[in-house]
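Input: a single structure, listed below in structure tokens.
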There are 2 protein chains.
Amino acid sequence: MTARISTQKKILNAAETLFSRDGFEQTSLRQITQEAGVNLASVNYHFGSKKALIQAVMARYLVVFMPVLEEQLQLAEQQSELKTEELFKRFKIPLAKLTEVNKHGPDIFLRLLGFAYSEIQGHLRKYTQQEFGGVLQHLLALLKRANPHLSEQQMFWRLHFILGAAVFAQVSGQALIEIAQAEFNQKVNAQDVIDHLIPFVSGGLEEA
Amino acid sequence: MTARISTQKKILNAAETLFSRDGFEQTSLRQITQEAGVNLASVNYHFGSKKALIQAVMARYLVVFMPVLEEQLQLAEQQSELKTEELFKRFKIPLAKLTEVNKHGPDIFLRLLGFAYSEIQGHLRKYTQQEFGGVLQHLLALLKRANPHLSEQQMFWRLHFILGAAVFAQVSGQALIEIAQAEFNQKVNAQDVIDHLIPFVSGGLEEA
DNA sequence: GCATGATTTAAACATGCGTTTAATCTAATT
DNA sequence: AATTAGATTAAACGCATGTTTAAATCATGC
């Protein structure tokens with residue numbers, strides 16, 4: 001007995017597939033509704049607008065990801081010694097949790113996040129800022145404690161470089177992963193990319 | 001006696017201003033021709049298409065930048081010891097050369113390059129790959145020599161992270177620069193960003 | 001000073017987008 | 001079985017985009 005899937009869920013599923021593959025702006029409502037097998041107008045009926053649909057797609061992951069990340073940061077805070085790489089590694093736990101949303105949740109979420117930042121979607125940036133703001137402030141405070149040798153300015157720029165490296169890796173991700181797989185003859189997924197990314201950004205951040 | 005500026009140049013100038021500020025996709029031909037004070041159809045008359053205009057805008061900088069970069073890499077190659085940070089610093093010379101094209105040439109070019117990679121403009125990626133390909137291969141070879149402790153895979157990913165950090169810094173650049181200026185009360189330009197970027201990517205690349 | 005080819009112009013074209021409308025269908029309630 | 005609120009549908013709307021057309025204008029060589 002296959003459970004009937006509501007139109008809303010069909011739209012969300014199709015949207016996240018296409019958004020994570022092609023980006024938000026590059027994906028039209030017509031593509032989404034066709035993929036979902038529903039009528040074009042149903043997006044506006046159920047979600048109000050494309051903007052709202054995008055936020056709904058993000059929300060399914062954020063509500064899982066954010067609390068677990070905050071939890072991890074609090075655990076880190078209690079440790080006697082704060083190491084940069086340790087802090088970044090903490091991201092892996094909330095990320096892994098996303099498999100509960102979708103088998104490929106971690107990959108999808110990271111790519112969505114990448115597009116959210118790389119496309120100049122004012123509204124999405126505001127939205128994630130709003131949702132992420134507190135936790136990111138927390139992370140920043142911990143990184144400062146772990147790297148007291150860095151000035152405010154150095155920290156400011158390096159954090160944004162890190163964000164850029166992470167975002168870019170995800171957005172160019174599929175193409176890069178395909179190249180990497182062809183070149184090194186082994187399966188690569190988003191988690192592997194993270195494992196490569198962590199030492200890189202840790203080294204970059206700590207550099208004198 | 002102000003020399004008469006050809007329609008083509010007017011278009012190129014207006015286009016590079018708007019492209020570097022808002023990106024390629026976000027800038028319409030109507031905006032460009034209005035800014036340039038020329039007729040809408042003149043873009044297609046003189047350049048054939050928007051794609052071709054974008055490439056023409058890039059070409060003005062690439063033809064200056066690329067030979068100087070290649071020259072610098074050859075100089076680096078002759079040195080006895082190759083240091084990572086040394087290699088990245090070499091980018092500053094061809095970049096500075098771009099002031100000959102435009103007073104703010106370095107800033108403009110970096111932002112254009114950022115958009116070229118961050119927007120999924122297949123044609124532009126192919127174009128830059130085609131133009132840059134050889135020189136980038138050269139850079140990769142030198143970086144490998146400077147970092148023999150890194151595996152092929154580590155090098156592959158870290159190079160792309162570096163690209164991401166650099167691109168992102170430029171694309172989010174203006175917004176970030178404004179934040180930084182407000183926060184630290186000092187003028188910031190693209191060159192300063194590069195100066196922050198170089199130790200970061202060097203540290204990240206070298207990390208064991 | 002005219003003819004000719006290059007350029008500029010205003011207008012229209014074709015396409016794709018997000019959104020809205022109004023009619024129709026569905027399913028639960030009375 | 002009739003009513004009614006919710007969901008779905010096909011169609012159109014309004015707008016913006018890159019591109020093309022065909023006429024008008026300009027500049028150049030004879």
Side-chain angles (χ1 to χ4, degrees), chain A residues 1-58 112 115-116 119-127, chain B residues 1-58 112 115-116 119-127:
Chain A
M1 198 60 194
T2 58
R4 180 183 142 62
I5 302 170
S6 73
T7 298
Q8 296 198 36
K9 286 248 164 70
K10 281 193 219 163
I11 293 172
L12 283 171
N13 291 339
E16 90 169 22
T17 299
L18 295 174
F19 283 155
S20 69
R21 197 190 64 190
D22 303 329
F24 300 109
E25 294 195 339
Q26 297 297 322
T27 303
S28 72
L29 295 185
R30 284 169 175 80
Q31 282 179 271
I32 292 169
T33 50
Q34 188 180 337
E35 169 86 15
V38 303
N39 186 272
L40 168 62
S42 55
V43 171
N44 288 280
Y45 178 78
H46 286 288
F47 296 94
S49 67
K50 186 179 177 180
K51 270 189 191 181
L53 171 62
I54 292 172
Q55 293 185 5
V57 168
M58 295 300 292
L112 291 174
F115 282 120
E119 299 182 12
I120 315 289
Q121 303 258 28
H123 78 97
L124 238 181
R125 217 173 262 209
K126 256 178 228 156
Y127 173 74
Chain B
M1 198 59 196
T2 56
R4 179 181 145 63
I5 303 169
S6 72
T7 298
Q8 295 198 36
K9 287 247 164 71
K10 282 192 218 165
I11 292 172
L12 284 172
N13 291 339
E16 90 169 21
T17 299
L18 295 174
F19 283 156
S20 69
R21 197 190 63 190
D22 303 328
F24 299 110
E25 295 194 340
Q26 297 297 321
T27 304
S28 73
L29 295 185
R30 283 168 177 81
Q31 281 179 269
I32 292 169
T33 51
Q34 187 180 335
E35 169 87 15
V38 303
N39 187 274
L40 168 62
S42 54
V43 170
N44 287 280
Y45 178 77
H46 286 288
F47 297 92
S49 68
K50 185 179 178 181
K51 269 189 190 179
L53 171 62
I54 292 172
Q55 292 186 5
V57 168
M58 294 302 291
L112 291 175
F115 281 119
E119 299 182 12
I120 315 289
Q121 303 258 31
H123 77 99
L124 238 181
R125 216 173 264 209
K126 258 179 227 156
Y127 173 73

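- One can place CD of A:Gln34 at 14 Å from P of D:dT9, the figure rounded to the nearest angstrom.
- Between B:Asn39 and C:dT7 there is no side-chain N or O to OP1 or OP2 distance below 4.0 Å.
- Not counting sequence neighbours, A:Thr17 has no partner by the side-chain contact (heavy atoms from CB on, under 4.5 Å) test.
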Go through B:Ile32 and B:Leu40 one step at a time and tell me if the side-chain contact (heavy atoms from CB on, under 4.5 Å) criterion holds.
CA-CA 8 Å; B:Ile32 292 169; B:Leu40 168 62; over 6 Å; no

With B for base contact, S for sugar-phosphate-only contact and - for none (protein heavy atoms under 4.0 Å), nucleotides 16-21 of chain C reads -BBBBB

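- A pairwise comparison of heavy atoms in B:Val57 and B:Ala15 identifies CG2-CB, 3.9 Å as the closest pair.
- Smallest separation of non-hydrogen atoms from B:Ala116 and B:Phe24: N-CE1, 3.5 Å.
- Under the side-chain contact (heavy atoms from CB on, under 4.5 Å) criterion, A:Glu35 pairs with A:Ala14, A:Leu18, not counting sequence neighbours.
- Contact check, B:His46 against C:dA6: no side-chain N or O comes under 4.0 Å of OP1 or OP2.
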Between A:Asn44 and A:Leu53, is a side-chain contact (heavy atoms from CB on, under 4.5 Å) present by the stated rule, with each step listed?
CA-CA 9 Å; A:Asn44 288 280; A:Leu53 171 62; over 6 Å; no

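- A pairwise comparison of heavy atoms in A:Lys50 and A:Phe19 identifies CE-CE2, 4.4 Å as the closest pair.
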Restricting to nitrogen or oxygen on both sides, can you table the protein-nucleotides 22-24 of chain D pairs closer than 3.5 Å?
none

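- Under the salt bridge (charged side-chain N to carboxylate O under 4.0 Å, His left out) criterion, the residue pairs touching residues 10-19 of chain B are B:Glu16-B:Arg60, with sequence neighbours excluded.
- For the 3.5 Å distance criterion, the side chains of B:Gln26 and A:Glu25 qualify, holding a donor opposite an acceptor.
- Nearest heavy atom pair, residue A:Val38 against residue A:Ser42, reads CG2-OG, 3.4 Å.
- Within residues 6-17 of chain A, the residues having any heavy atom closer than 4.0 Å to DNA chain D are, in order of number, A:Thr7.
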